[in-house]
Amino acid sequence: MIEIIAISGSLRAASTNSALVTALAANAPAGCRVQVYDGLGRLPIFNPDDEGERTPPEAAKLIEMITRADGFIVSCPEYAHGVPGGMKNALDWLVSRDAAVGKPAMLVHASPRSLYARAALAEVMRTMSFAMYEETALEIALLGKKPAEVEAILADPANRRAMRGAIEAFVGFIGGR
């Protein structure tokens with residue numbers, strides 16, 4: 001069983017990025033499980049003095065989840081042409097650990113307008129030594145949609161196939177490493 005951790009870089013209750021990672025989990029192909037990490041808002045601000053034995057429980061949970069996973073999927077909004085602080089903070093907790101080194105990772109997108117954040121996030125993750133899968137980009141335009149519209153878009157058979165196909169391609173990347 002391939003285990004993938006997915007995270008939304010948004011804390012909004014009606015986040016389209018959170019809806020997308022939840023839909024990815026629901027559309028995972030056979031032989032693959034996508035688990036959504038939902039503790040982004042509970043992570044304390046990264047402080048190198050709090051590493052090792054002093055690592056806070058929520059940070060330790062994230063580190064352990066990423067370490068054990070076969071792959072990592074991120075769906076992240078763009079704020080002021082950058083990566084939201086909460087998402088960057090989560091990555092900062094992984095910097096001095098081996099969790100990211102060589103870990104297959106894929107970015108998925110709920111907005112066609114997040115170009116600056118995509119580039120910044122990919123650069124940060126490559127710098128951390130994630131093995132970025134960039135062959136097949138999954139983008140489902142959910143920006144500005146109401147929750148009922150988001151639900152309908154994500155339930156559309158074509159979008160469900162696209163999500164399943166993106167995960168299958170990512171699983172192939174994981175297995176080919």
What is the minimum heavy-atom distance between [X] and [Y], and which atoms define it?
{"X": "R97", "Y": "G52", "value": "NH2-N, 3.9 Å"}
{"X": "M87", "Y": "C76", "value": "CG-SG, 3.8 Å"}
{"X": "F130", "Y": "F72", "value": "CE2-CD2, 3.5 Å"}
{"X": "A117", "Y": "V83", "value": "O-CG2, 3.9 Å"}
{"X": "A90", "Y": "I7", "value": "CB-CD1, 4.5 Å"}
{"X": "M128", "Y": "L91", "value": "CE-O, 3.2 Å"}

Check: [X] side chain, [Y] main-chain N or O, donor-acceptor pair, under 3.5 Å:
{"X": "W93", "Y": "T55", "answer": "no"}
{"X": "N89", "Y": "P44", "answer": "yes"}
{"X": "T22", "Y": "S18", "answer": "yes"}
{"X": "K103", "Y": "A131", "answer": "no"}
{"X": "S129", "Y": "V101", "answer": "no"}
{"X": "N27", "Y": "A23", "answer": "yes"}
{"X": "E149", "Y": "K146", "answer": "yes"}

Report yes if some heavy atom in the side chain of [X] is under 4.5 Å from a heavy atom in the side chain of [Y]; otherwise report no.
{"X": "M106", "Y": "M132", "answer": "no"}
{"X": "I73", "Y": "I5", "answer": "no"}
{"X": "H109", "Y": "L138", "answer": "no"}
{"X": "V171", "Y": "Y133", "answer": "no"}
{"X": "E3", "Y": "R68", "answer": "no"}

| Below 4.0 angstrom, N of the basic side chain to O of the carboxylate: do K61 and E64 qualify? | no

If you draw a 6.0 Å radius around [atom1] in [X], do more than 12 non-hydrogen atoms from other residues or ligands fall strictly inside?
{"X": "L115", "atom1": "CG", "answer": "yes"}
{"X": "D156", "atom1": "CG", "answer": "yes"}
{"X": "R113", "atom1": "CZ", "answer": "no"}
{"X": "E134", "atom1": "CD", "answer": "yes"}

| request: Report the hydrophobic cluster partners of V21, with the cluster defined as I, L, V, M, F, W, Y residues connected by side-chain heavy atoms closer than 4.5 angstrom, directly or transitively. | output: V36

| said: Listing request: all side chain to side chain donor-acceptor pair (under 3.5 Å) pairs with a residue in residues 70-85, at least two apart in sequence or in separate chains. | reply: N17-S75

| field | Value rounded to 0.5 Å, distance of CG in N159 from CG in L20 | value | 9.5 Å

| Pairs satisfying salt bridge (charged side-chain N to carboxylate O under 4.0 Å, His left out), at least one member in residues 80-89, at least two apart | K88-D92

